[in-house]
Amino acid sequence: MSERDDRLQHLEALRRLDVEPFGNRFDGASSIGSVVAGYGSETEGKTATVAGRITAHRSFGKAAFLDLRDWTGKVQVYVKKDAVGEAVHAWFQHVGIGDVLAATGTLGKTKTGEITLFATSLTLLTKALRPLPEKWHGLKDPEIRTRRRYLDLIANPEVQQKFLKRARALMGIRRFLDARGYVEVETPMMQAVAGGAAARPFITHHHALDRDLYLRIALEIPLKKLMVGGLERVYEIGRVFRNEGIDTQHNPEFTMLELYHAYGDLRTMMDLVEALVANVAQEITGTAKLPFGERTVDVTPPWPRRDYFELIKTHADLDPSDEDALRAKLQDRRVETAGLTRIDLLDKVFGEYVEPHLVDATYVCNQPLEMTPLCREHRERPGLADRFEAYAGCMEIANAYTELNDPLEQRKRLVRQMKAAGDEMVREGRIDEDFLTALEHGMPPAGGLGIGIDRLLMIVTNSASIREVILFPMLRDES
RNA sequence: GAGGGCGUAGCUCAGUGGUAGAGCAACGGUCUUUUAAACCGUGGGCCGUGGGUUCAAUCCCCACCGCCCUCACCA
């Protein structure tokens, strides 16, 4: 007989006692956190009602202690036969760990000093037909934790707290941007051309139109069209989809913030992003020095501004213009260098030798222009991009440009990039002609910014894997 | 895609070439202030899936599936 069968028998027993095992709306419960936090001489002996899931059950026959947990906290409930009455006590025998219960009673402390609700009445809200993971060791199996996240959320309260932090962080970001005059917009996720980045897109099919569509890989192109349309400060927080590998820093769908600011430039974005990140860190953790694994990530503004080539020179100890030296450095780390362009080599050397040093929040500036077809060229230094990437915790968390608004130059750069990327890109990521047409109508000079929200949240919530900050990360089908 | 590790009860984990164990959870019992409640008793397993070796496989070998790590890929 499985535990499920046992619980089905309890279910029948409850029905025989005329107790509905799957209750309806329940009003009037206080949050457990507020009841516990507000406990004092004024509330002692007063009546309170709470509702939540039973996470522990210590029974003595005619009396029992329950741990009742809601999303604000946990409180002990004392259920005594004399206090709740014979009828309630009868059906209470069929209530167990995992069930959802409401309890009304008087607040007090037990002789061991624990704040306890001494129940006078109980309402069964939901009978659980399956057991909870074990109380002491919790739920550890990473596969069950992500595949059946609801169990993870119940069994590991800190996981629930983490996702509540995520929600608060998103609210905080919106409040921050709204206060500075930015307007949130929504643009299509299904696009005829997946532009704005160089990732491989997901393809889907629209039956009525009988055509393939791409899931967006970035937000950039439609948002810039809105800049042309005179929406001077826009942002979008939304899912983007990239058909690429999965690891601790990559999930096929992830959340990006992109933001554009008319009449601004790179410097506008620098001021903004460091204030935004520090603000989120402060709101969520109360500090700008964030514990992250073994280390601490300091996001206190102003962030140091470093030069891309100087960083490579310093940390890889070579001349960045010397391709052979770059190759040799990569081969030291057994990185395959065959067929790589100079830009690829630089990028890999940067990832291999520089990134591990970028613990505290840092701006990396003056990257080669070839990497960024949508970015304006540096005003004084031809060949370089007017761009920064923000790093923290050895991860790229933000990327910003002074946006390219010359439509003729933009066309050249997109064509060049497409040719460089080869046939596959030509097929999958054609040029968005309407984007170029829009630019020809005139886009004001602007600063633009992208933030990988999931990675930012990894740092803010001290999470080693992106899977820890995404409720339902991508998994293969269960076998 | 490559290499390595893992997969045993609902959960956390032991274990052995001879048909499987603990703790918690569950069920029955005693118990009206416990908190990993305690005590007595009971049930629960295609040992990831499929093949092979063997008298005999959960264990050894092969393949497959899934998860994790490292690498590759990755604006």
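Letters A, B, ... are given to chains in the order of the sequence lines, protein chains preceding strands, and every chain is numbered from 1. Side chains are part of it too, since the values below use all heavy atoms of this structure and drop only hydrogens, waters and symmetry mates.
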Colleague: Give one of base, sugar-phosphate or nothing for Leu475(A), where a contact means two heavy atoms less than 4.0 Å apart.
Modeller: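 Here Leu475(A) touches the backbone only, sparing every base.
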Colleague: For the pair made of OH in Tyr308(A) and P in A75(B), what is the distance, rounded to whole Å?
Modeller: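 Atom-to-atom, Tyr308(A) to A75(B), this comes out as 12 Å.
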Colleague: Run the salt-bridge test on Asp406(A) and Lys412(A) with the 4.0 Å N-O cut-off and return the result as yes or no.
Modeller: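 Salt bridge flag = no for Lys412(A) with Asp406(A).
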Colleague: Is a donor-acceptor pair below 3.5 Å formed from side chain Glu114(A) to base U34(B), judging by atom type as modelled?
Modeller: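 By the distance-only test, no, there is no pair.
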Colleague: Please state the C1' separation for the pair C74(B) and A57(B) - nearest whole angstrom.
Modeller: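 These two C1' atoms come out 44 Å apart once rounded.
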Colleague: Consider the side chain of Arg58(A), meaning its heavy atoms from C-beta on, and name the nucleotide among G10(B), A37(B), C67(B) that approaches it most closely.
Modeller: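 Selected nucleotide (nearest to the side chain): A37(B).
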Colleague: Under 4.0 angstrom, heavy atoms only, what part of the nucleic acid is Gly450(A) near: base, sugar-phosphate, or nothing?
Modeller: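 It contacts nothing in the nucleic acid.
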Colleague: Considering only atom C1', compute the distance from C47(B) to C13(B) and round it to an integer number of Å.
Modeller: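 Looking at atom C1' only, C47(B) and C13(B) are 13 Å apart.
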Colleague: Please identify each residue that fulfils salt bridge (charged side-chain N to carboxylate O under 4.0 Å, His left out) with Glu114(A), with sequence neighbours left out.
Modeller: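 Glu114(A): no salt bridge (charged side-chain N to carboxylate O under 4.0 Å, His left out) contacts found.
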Colleague: Which nucleotide, C74(B), C11(B), A75(B), lies nearest any side-chain atom of Ile144(A)?
Modeller: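 Of the candidates, C11(B) comes closest.
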Colleague: On RNA chain B, does the nearest nucleotide to Pro133(A) precede the nearest nucleotide to Arg467(A) from the 5' side, or the other way round? Give the residue.
Modeller: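 Its nearest nucleotide lies further toward 5', so the answer is Pro133(A).
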Colleague: NA contact type, Gln249(A), heavy-atom cut-off 4.0 Å: base, sugar-phosphate, or nothing?
Modeller: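 No contact at all - Gln249(A) keeps every heavy atom at 4.0 Å or more from the nucleic acid.
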Colleague: If we take the P atom in both A20(B) and A25(B), what is their distance in whole Å?
Modeller: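 Approximately 25 Å lies between the P atom of A20(B) and that of A25(B).
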Colleague: For A38(B), give the paired nucleotide (Watson-Crick: N1-N3 plus N6-O4 or O6-N4; G-U: N1-O2 and O6-N3; both under 3.5 Å), or none.
Modeller: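 Here A38(B) is engaged in a pair, and the nucleotide opposite it is U30(B).
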Colleague: Quantified in whole Å, what is the P atom distance between nucleotide A9(B) and nucleotide G48(B)?
Modeller: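 Going atom to atom, P in each nucleotide, I get 8 Å.
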Colleague: Assign U19(B) to syn or anti; the rule is syn for a glycosidic angle within 90° of 0 and anti otherwise.
Modeller: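 Classified syn.
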Colleague: Would you check if Phe435(A) and Val193(A) make a side-chain contact, meaning some heavy-atom pair closer than 4.5 Å?
Modeller: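 Answer no - side chains too far apart.
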Colleague: Nearest nucleotide by nearest heavy atom, which residue falls closer to the 5' end of RNA chain B, Ile97(A) or Ser59(A)?
Modeller: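 That would be Ile97(A).
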Colleague: Mind checking the C1' distance from U32(B) to G41(B)? Whole angstroms is fine.
Modeller: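 So the two C1' atoms sit 23 Å from each other.
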Colleague: With a 3.5 angstrom cut-off on both distances, give the Watson-Crick or G-U wobble partner of C13(B), or none if there isn't one.
Modeller: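 G21(B) is the nucleotide pairing with C13(B).
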Colleague: Measure centre to centre between the rings of Phe309(A) and Phe350(A), then say whether the value is under 6.0 Å.
Modeller: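 Distance test on ring centres: not under 6.0 Å, no.
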Colleague: Regarding Asp67(A), tell me which of base, sugar-phosphate or nothing describes its non-hydrogen contacts under 4.0 Å with the strands shown.
Modeller: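 The residue Asp67(A) makes no contact with any strand.
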Colleague: Looking at U33(B), U32(B), G10(B), which one has an atom nearest to any side-chain atom of Phe118(A)?
Modeller: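 Minimum distance to the Phe118(A) side chain belongs to U33(B).
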Colleague: What are the atom names and distances for every N/O pair under 3.5 Å that joins the protein to nucleotides 20-24 of chain B?
Modeller:
residue: C24(B); atom: O2'; partner: Glu134(A); partner atom: OE2; Å: 3.4

Colleague: Verify whether one side chain among Tyr150(A) and Arg148(A) offers a donor that lies under 3.5 Å from an acceptor in the other.
Modeller: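 Side-chain D/A pair, Tyr150(A) to Arg148(A): present.
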Colleague: Quick one: list whatever passes side-chain contact (heavy atoms from CB on, under 4.5 Å) with Asp434(A), sequence neighbours left out.
Modeller: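 For Asp434(A), the residues satisfying side-chain contact (heavy atoms from CB on, under 4.5 Å) (neighbours in sequence not counted) are Lys225(A), Asp432(A), Thr437(A).
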Colleague: On the 0 to 90° scale, with breaks at 30° and 60°, tag the Phe92(A)-His57(A) ring pair as parallel, tilted or perpendicular.
Modeller: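 Because their plane-to-plane angle lies in the 30° to 60° range, the rings of Phe92(A) and His57(A) count as tilted.
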Colleague: Measuring only the C1' atom in each nucleotide, how far is C59(B) from C6(B)? A whole number of Å is fine.
Modeller: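 Nearest-Å result for C59(B) against C6(B) at atom C1': 15 Å.
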Colleague: Hey, is Arg387(A) close enough to Glu389(A) for a salt bridge, meaning N to O under 4.0 Å?
Modeller: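 Here Arg387(A) pairs with Glu389(A) in a salt bridge, since their nearest N and O are under 4.0 Å apart.
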Colleague: Partner of G3(B) by Watson-Crick or G-U wobble geometry, both contacts under 3.5 Å, or none?
Modeller: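 Across all strands, the one nucleotide that pairs with G3(B) is C69(B).
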Colleague: Check every strand shown and say whether Lys111(A) touches a base, only sugar-phosphate, or nothing at a heavy-atom separation below 4.0 Å.
Modeller: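 Answer is base: heavy atoms of Lys111(A) come under 4.0 Å of a base.
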Colleague: Could you tell me how far G66(B) sits from G52(B) if I compare only their C1' atoms? Round to whole Å.
Modeller: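 It comes out at 23 Å once rounded to the nearest Å.
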Colleague: Considering only side-chain heavy atoms of Asp247(A), which listed nucleotide, C67(B), A25(B), C73(B), is closest?
Modeller: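 For the Asp247(A) side chain, the nearest candidate turns out to be C73(B).
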Colleague: What's the closest nucleotide to the side chain of Thr248(A) if the choices are A75(B), U34(B), U70(B)?
Modeller: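 Nearest listed nucleotide: U70(B).
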Colleague: Please give the nucleotide sitting opposite U58(B) as a Watson-Crick or G-U wobble pair, both distances under 3.5 Å, or none.
Modeller: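 Here U58(B) is not engaged in any pair, so there is no nucleotide opposite it.
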Colleague: Check every strand shown and say whether Lys348(A) touches a base, only sugar-phosphate, or nothing at a heavy-atom separation below 4.0 Å.
Modeller: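 Sugar-phosphate contact only - Lys348(A) comes under 4.0 Å of backbone atoms but never of a base.
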Colleague: Given the ring of Tyr353(A), does Arg333(A) sit roughly above its face, with NZ or CZ under 6.0 Å from the centre of the six-membered ring and within 45° of the axis?
Modeller: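 Yes.
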Colleague: My understanding is that a pair needs two contacts under 3.5 Å, Watson-Crick or G-U wobble. By that rule, which nucleotide pairs with G44(B)?
Modeller: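 G44(B) is unpaired by these criteria.
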Colleague: Contact class for Thr372(A) (heavy atom, under 4.0 Å): base, sugar-phosphate, or nothing?
Modeller: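 No contact.
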Colleague: Take Arg7(A) and Glu12(A) through the salt bridge (charged side-chain N to carboxylate O under 4.0 Å, His left out) test and state the conclusion after the steps.
Modeller: CA-CA 9 Å; Arg7(A) 285 172 174 263; Glu12(A) 290 314 310; over 6 Å; no
Colleague: When rounded to the nearest Å, what value does the distance between P atoms of U33(B) and A38(B) take?
Modeller: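 Pairwise P distance, U33(B) against A38(B), rounds to 16 Å.
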Colleague: Nearest to the Phe60(A) side chain among C74(B), C31(B), A26(B), which nucleotide is it?
Modeller: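 Side chain of Phe60(A) sits closest to C31(B).
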Colleague: Under 4.0 angstrom, heavy atoms only, what part of the nucleic acid is His89(A) near: base, sugar-phosphate, or nothing?
Modeller: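 Here His89(A) touches no strand at all.
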Colleague: Among U34(B), A75(B), U70(B), which nucleotide sits nearest the side chain of Arg242(A)?
Modeller: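 The closest nucleotide is A75(B).
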Colleague: Can you identify which nucleotide, out of C67(B), C74(B), A75(B), has its nearest atom closest to the Pro373(A) side chain?
Modeller: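 In terms of side-chain proximity for Pro373(A), the closest of C67(B), C74(B), A75(B) is A75(B).
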Colleague: Of all the nucleotides listed (G66(B), U32(B), U12(B)), which has the minimum atom distance to the side chain of Arg476(A)?
Modeller: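 Out of G66(B), U32(B), U12(B), the nucleotide with an atom closest to Arg476(A)'s side chain is G66(B).
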Colleague: Of the listed nucleotides (A25(B), U12(B), C68(B)), which one gets closest to any side-chain atom of Pro131(A)?
Modeller: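 The listed nucleotide nearest to Pro131(A)'s side chain is A25(B).
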Colleague: Please check the phosphate of C27(B) (OP1 and OP2 only) for any side-chain N or O of His10(A) closer than 4.0 Å.
Modeller: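 Looking at the OP1 and OP2 atoms of C27(B), one of them is under 4.0 Å from a side-chain N or O of His10(A).
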